[in-house]
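Per chain, numbering begins at 1; letters A, B, ... match sequence-line order. FYI, side chains are in, hydrogens and waters are out, and symmetry mates aren't considered; it's all heavy atoms of this structure.
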Amino acid sequence: MRWSQLFIPTLREVPAEAEVPSHQLLLRAGYVRQLSAGLYNYLFLAQRSMNKIIGIVRQEMDAIGAQEMYLPGLNPAEVWQESGRWDLMGANMFRLKDRWQRDYCLGMTHEEIMTFIARGELRSYKQLPQLWYQIQTKFRDEPRPKSGLLRVRQFIMKDSYSFDVDAAGLDTSYQKHYDAYCRIFDRCGLKYSIVEAHSGAMGGSQSHEFMVASDAGEDLIVIGRNYAANLEKAVSRPVPPAVPDPEGDLQPEQFHTPGQKSIEDVSAFDGMPPSSHIKSLVLVADDKPVLALLRGDHQLSETKFTSVAGVSEFRPAHPGEIADWMGAEAGSLGPVGMKMRIIADITLEGRRNMVAGANKTDYHLRNVTPGEDFQAEFADIRQVTAGDTDITTGEPLQLVKAMEIGHIFKLGYKYSESMGLRVQDEKGKDITPIMGSYGIGMERILCAAIELYHDDDGMMMPASIAPFDVVITPVNMKDAALREAAESLYAECKRAGLDPLLDDRDERPGVKFKDSDLIGIPFRITLGKKLAEGNVEVYVRRTKEKFDIALADAAAKVKALVTPS
RNA sequence: CGGGGCGUAGCGCAGCCUGGUAGCGCACCUGCCUUGGGCGCAGGGGGUCGCGUGUUCGAAUCACGCCGCCCCGACCA
């Protein structure tokens, strides 16, 4: 296509509201414009990239035998009420009423609708497995849209769903998606990690997230040489206590700690490192008090605690509740003598003679031994921290920020059960199919590519998802020889199967170079003085490498560079 | 929902404190010039100063209310 006729509104300056690189560049390069918080207009370039991304996703989904459908984004309340998610989704779901005052919502995801289709039509185990997918706009009333296209209120998702006779079938469907996702993200040129994820209240047995490490991400993942997990689920070997525990069968002994509230305070006061202290958190879990215990230098993992405690939600106790139950203020709390439920992190098991609050304001106890001076349920409720090591190999682990681009998980029977999906097995008996659910955030692929590949001059898009493969840049449109050579090269690129952009604007070369660097076209063929010798220059955006080549060979050369060998 | 910041031309900003004709750079239009990294010269167009109410002879500027956007936290199948 011809640049002179296209709408590519590039900006020289960064709009003030953009913070993360992908957001800044999407605006500067004229890919998108904001309509409202979390709502973006995808202009020509973004739409072209999105179409290429969607094309790759569609090919790979089709390749595993998934069947594409297209479901309504506008959903009646009833279907969501059946699964229970009408209430569960809370304010995150956009809701509206029709003219008869009937309730509707805008779909956040489509488990319910897919299950609705399945239960209406599937009758026999012979029809299974089924893999269904769609590429559809999703709506979520995010409490805080942010970071450009990374967290928005309307976005395009590829979501697929599997229906299988049994768990073994689900394993197969799950693995197919796992492999397809790898091919998709590989083809999109992304560097990603696959992490074990928490499957949450979905009751799923297995879940993986596909994550791209980036400071723009909002999740934390733990990565080692042979380990990767979401922080919510990650396990590790903690750094050993800073000093060994005092030996002997010592009795708890109260000591005065006036005004010393935090572990750090008390630690500085009594000379024992935080790792020799017991951190006591008073929590209210499903309306009942629970005391959670951790090593002084550790943090509670809310996700682990929730599942260990077997509760749906919890919160820190209010000061009044703490005073009522413990008889002391926060800062002097401990497990000794407490009757409430106590859950202690496993790193406390086997420790001896530690320091804990005395449940008497401004007093602590030394020589507290877990399991002797108090009883507790021991479980892993600790969050991995920087410096921890791999639980099996002892190799270092890293905590990095990452963005989620894909998520697969085994749903189990949640929807098929609650919504009454049944088929007959070979004996004529009713069975409930087991489901899986698999999502990819389309614009996050675009964002991830930009976050991963950009420099001060702009984007460096992978060729597979760049809006164009190559830009042809005659340095002077007033020069008839350059113009004609550019035209014929443009035609030849098209014949070679490339997606070329002809920069036929009557602009100075500097403007054209800056713009094409900004919008991230992977290759540029520059036509200038060297054309007199029959040569043009090929410029590789990613490396800034340049080389001369005969005009006649340029198209074939770029074609070879674009197509991975 | 809690905390913070911002709202003046398409973009980036100044002006506000101390009320008195709305400015700068970029972008845009016209002409000349230039043509391998956002070139130069000359001329020009474009603004309900987020909205409302109040104070005042007079409000972009002061007060109050509202709205919008961004950031931090909470939240995020």
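Geometrically, A:Arg95 does not engage A:Trp80 in a cation-pi contact, judged by NZ or CZ lying under 6.0 Å from the ring centre and within 45° of the ring axis. Because its NZ or CZ atom is both nearer than 6.0 Å to the ring centre of A:Tyr453 and within 45° of the ring axis, A:Arg542 counts as a cation-pi partner of that residue.
Closest contact between the side chain of A:Glu13 and the listed nucleotides B:G36, B:G38, B:G25 involves B:G25. Distances were taken from every side-chain heavy atom of A:Thr526 (C-beta onward) to each of B:A77, B:G36, B:C75; the shortest belongs to B:G36. Here B:C72 is the nucleotide among B:G37, B:C72, B:C76 with the atom lying nearest to any side-chain atom of A:Lys146. The side chain of A:Arg28 approaches B:G38 more closely than any other nucleotide in the set B:G37, B:G38, B:C75. Closest to the side chain of A:Pro143, out of B:U35, B:C70, B:A74, is B:A74. Side-chain proximity of A:Pro509 to the nucleotides B:C69, B:C13, B:G36 is greatest for B:G36. Of the candidates B:C39, B:G37, B:U34, the closest approach to any side-chain atom of A:Lys478 belongs to B:U34. Here the side chain of A:Lys514 is nearest to one of B:C76, B:G38, B:C70, namely B:G38. The side chain of A:Leu518 lies closest to B:G38, out of B:G38, B:A77, B:C71. Each of B:G38, B:C76, B:A77 was ranked by its minimum atom distance to the side chain of A:Asp515; first place goes to B:G38.
Side chain to side chain, A:His208 and A:Tyr174 meet the donor-acceptor criterion of an N or O pair below 3.5 Å.
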Worked verdict on A:Asp503 versus A:Arg2 for salt bridge (charged side-chain N to carboxylate O under 4.0 Å, His left out): CA-CA 6 Å; A:Asp503 194 350; A:Arg2 292 160 192 276; over 6 Å; no

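Nucleotide B:C57 forms a Watson-Crick or G-U wobble pair with B:G20, both donor-acceptor distances falling under 3.5 Å. Checking B:G25 for Watson-Crick or G-U wobble geometry (two distances, each under 3.5 Å) identifies B:C11 as its partner. A 3.5 Å limit on both hydrogen-bonding distances identifies B:G73 as the Watson-Crick or G-U partner of B:C1. Searching all strands for a Watson-Crick or G-U wobble partner of B:G45 with both distances below 3.5 Å returns nothing. Pair check for B:G68 finds B:C6; Watson-Crick or G-U wobble, both atom distances under 3.5 Å.
Listed by first and then second residue, the salt bridge (Lys or Arg N to Asp or Glu O under 4.0 Å) pairs that reach into residues 29-49 of chain A are A:Arg48-A:Asp499, sequence neighbours excluded.
Taking the P atom of each, B:U61 and B:G20 are spaced 10 Å apart, rounded to whole Å.
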